[in-house]
Amino acid sequence: MTKTFGLFLLTAIAELLGCYLPMLWLNNKGSAWLLLPAAISLTAFVWLLSLHPAASGRVYAAYGAVYIATAIFWLWSVDGIAPRWTDLLGAGLALSGAAVIALGARS
């Protein structure tokens, strides 16, 4: 379970970075050279998706919860915006839902 969570976390970071860098360029906050690491990051994202235990809606639903929590952390650590209590609650609820999905799949 820890290995899968770690893989979900790496996948989420690659996805966020791959989308964030082009956004910087489009908003004139960085050069077009940001598109190169963005493309590499999105390639890593796709590769990491292929490593997930099974390509199923259940796995992607659990990944989505980890993505939500990672995006909220990104909001704070990269964008410098403190999450609201509702952001934290929503991420917690999503992770709780993912735990229910993951534990239910084991039985």
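Computed from heavy atoms alone, side chains included, the values below leave out hydrogens, waters and symmetry copies.
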- Could you tell me which non-hydrogen atom of Ala61 sits nearest to which non-hydrogen atom of Ile101, and how far apart they are? CB-CD1, 3.9 Å
- Identify whether Tyr20 and Val46 are in the same connected component of the hydrophobic contact network (ILVMFWY, side-chain heavy atoms under 4.5 Å). yes
- Query: Should Phe45 and Leu24 be regarded as members of a common hydrophobic cluster, given that ILVMFWY residues are connected when their side-chain heavy atoms come within less than 4.5 Å of each other, either directly or indirectly?
  - Reply: yes
- Query: If we only count heavy atoms from C-beta on, is the Thr43 to Trp47 side-chain gap below 4.5 Å?
  - Reply: no
In residues 11-18, what donor-acceptor pairs under 3.5 Å come from side-chain atoms, sequence neighbours left out?
unit_1: Thr11; atom_1: OG1; unit_2: Leu7; atom_2: O; d: 2.7
unit_1: Thr11; atom_1: OG1; unit_2: His52; atom_2: NE2; d: 3.0
unit_1: Glu15; atom_1: OE1; unit_2: Tyr63; atom_2: OH; d: 2.4

- Query: Do Leu75 and Leu9 belong to the same hydrophobic cluster, where Ile, Leu, Val, Met, Phe, Trp and Tyr are linked whenever their side-chain heavy atoms lie under 4.5 Å apart, directly or via other members?
  - Reply: no
- Item | Flag side-chain contact, heavy atom, 4.5 Å: Phe8 against Thr70 | no
Contacts table for residues 29-38: side-chain donor-acceptor under 3.5 angstrom, sequence neighbours left out:
unit_1: Ser31; atom_1: OG; unit_2: Trp33; atom_2: N; d: 3.1

- Message: Give me the atom names and distance for the closest heavy-atom approach of Ala91 to Ile68.
- Response: CA-CG2, 4.1 Å
- Message: Would you say Leu93 ends up clustered with Val66 if hydrophobic residues are merged whenever their side chains have heavy atoms under 4.5 Å apart, either directly or through other cluster members?
- Response: no
- Would you give the length of the straight line joining atom OH of Tyr67 to atom CH2 of Trp74, rounded to the nearest 0.5 angstrom? 9.5 Å
- Message: Are Leu21 and Met23 linked, directly or through intermediate hydrophobic residues, by side-chain heavy-atom contacts shorter than 4.5 Å (ILVMFWY only)?
- Response: yes
